[in-house]
Amino acid sequence: MTRFAGPVAALAIAATSTAAQAGPDRVSILLGSHHVGATRDFEEFNPGIILVWDELVWRGRLDLAAGAYRNSYGDGSLALSLAYPFVRTEDWGLDLFGGVSWYPGNGDQFSHAIGDAVPIAGLQARYRNVFVQAIPAGGQSADAVLSFGLTFSME
């Protein structure tokens, strides 16, 4: 474990333990990804589960998401992120998000990692139960990553 994995895990536990008392508002099922401009092969079937607490953080303006998924290198990863909703209706939404993903043993694949902790940021869009995320990748082995899946209300 890198020296940053412990603090990232502690942050995830602290954030989700408070959130867990309220229960998640949504569950999202990550299905896959597409690596735009990829210069190598990636796994693009990336099953995972993400729990989302709507408007939980920072004066009730940010969504908190925590999840686990199979990453594009074929290993397990954990992620913790915050999202700021630009527009949100019952049928669709557009958010700006940022956070960190843990890629055990693969942090050296990223030009912007701290050990195995990789900062992530981008835009996410939802239409009804379908979501897509666009994450700029910096061009080391892909220009961007598009991830997609399904999301469901827990209400």
Side-chain angles (χ1 to χ4, degrees), residues 1-59 61-86 93-126 131-151:
M1 226 183 211
T2 68
R3 62 184 171 161
F4 293 100
V8 169
L11 176 62
I13 290 167
T16 57
S17 65
T18 300
Q21 295 171 4
D25 297 299
R26 287 182 283 133
V27 61
S28 295
I29 308 299
L30 180 63
L31 297 174
S33 62
H34 173 71
H35 295 75
V36 178
T39 59
R40 59 174 283 195
D41 289 333
F42 289 99
E43 288 191 26
E44 295 193 336
F45 175 63
N46 311 104
I49 187 163
I50 302 156
L51 299 176
V52 181
W53 290 265
D54 292 330
E55 300 177 358
L56 181 71
V57 182
W58 192 62
R59 301 180 190 171
R61 294 184 180 160
L62 299 176
D63 298 349
L64 172 68
Y69 61 97
R70 181 178 175 91
N71 66 41
S72 298
Y73 301 104
D75 297 316
S77 280
L78 300 174
L80 183 67
S81 66
L82 295 172
Y84 176 78
F86 284 122
L94 181 64
D95 305 337
L96 177 66
F97 75 94
V100 64
S101 278
W102 181 53
Y103 283 81
N106 290 306
D108 61 345
Q109 300 292 317
F110 299 87
S111 60
H112 55 281
I114 302 171
D116 289 336
V118 179
I120 55 172
L123 291 173
Q124 58 189 19
R126 176 191 56 83
F131 75 86
V132 176
Q133 293 180 319
I135 305 167
Q140 185 172 356
S141 55
D143 296 326
V145 177
L146 301 176
S147 63
F148 54 88
L150 302 171
T151 189

Trainee: Might you point out which heavy atoms bring Asp116 and Gly107 nearest each other, and give the distance in Å?
Mentor: OD1-N, 3.0 Å
Trainee: Using atom types as modelled, flag every donor-acceptor pair under 3.5 Å from a side chain in residues 76-84 to any protein atom, sequence neighbours excluded.
Mentor:
| residue | atom | partner | partner atom | Å |
| --- | --- | --- | --- | --- |
| Ser77 | OG | Asn71 | ND2 | 2.8 |
| Ser77 | OG | Trp102 | O | 2.9 |

Trainee: Over 60° means perpendicular and under 30° means parallel, so classify the ring planes of Tyr73 and Phe42, tilted if in between.
Mentor: perpendicular
Trainee: Would a 4.5 Å heavy-atom cut-off, applied to side chains only, mark Leu96 and Phe86 as touching?
Mentor: yes
Trainee: For the CG atom on Asp41, are there more than 12 heavy atoms of other groups (residues, nucleotides or ligands in this structure) within a distance under 6.0 Å?
Mentor: no
Trainee: Distance check, rounded to the nearest 0.5 Å: His35 atom NE2 versus Asp143 atom CG?
Mentor: 11.5 Å
Trainee: What's the spacing between Leu30 CG and Ser147 OG if we round to 0.5 Å?
Mentor: 5.5 Å
Trainee: Which heavy atom of Ser101 sits nearest to which heavy atom of Tyr69, and what is that distance?
Mentor: OG-OH, 3.1 Å
Trainee: Give the intermediate values and the outcome of side chain to side chain contact (heavy atoms under 4.5 Å, CB included) for residues Phe97 and Gln133.
Mentor: CA-CA 9 Å; Phe97 75 94; Gln133 293 180 319; 3.9 Å; yes
Trainee: What heavy-atom pair brings Phe131 and Ser28 nearest, and what distance separates the two atoms?
Mentor: CE2-CB, 3.9 Å
Trainee: With sequence neighbours excluded, what pairs up with Arg70 under the salt bridge (Lys or Arg N to Asp or Glu O under 4.0 Å) test?
Mentor: Glu43
Trainee: Please report the C-alpha distance between Asp95 and Leu123 in whole Å, then the side-chain angles of each, then the deciding distance to 0.1 Å, and finally whether the side chain to side chain contact (heavy atoms under 4.5 Å, CB included) criterion is met.
Mentor: CA-CA 6 Å; Asp95 305 337; Leu123 291 173; over 6 Å; no
Trainee: Enter the distance from Asp25:CG to Leu51:CG here, rounded to the nearest 0.5 Å.
Mentor: 10.5 Å
Trainee: Please name all residues satisfying salt bridge (Lys or Arg N to Asp or Glu O under 4.0 Å) with Arg26, sequence neighbours left out, ordered by chain then number.
Mentor: Asp54, Asp63
Trainee: Taking all atoms of both residues into account, what is the closest heavy-atom pair of Val118 and Phe110, and its distance?
Mentor: CG2-CD1, 3.5 Å
Trainee: If you look at every heavy atom in Ser72 and Ser33, which pair is closest and at what distance?
Mentor: OG-OG, 3.7 Å
Trainee: Output, in order, the C-alpha distance, side-chain angles, deciding distance and verdict of side chain to side chain contact (heavy atoms under 4.5 Å, CB included) for Thr151 and Val52.
Mentor: CA-CA 9 Å; Thr151 189; Val52 181; 5.5 Å; no
Trainee: Taking side chain as C-beta onward, heavy atoms only, is Ser141 less than 4.5 Å from Gln109?
Mentor: no
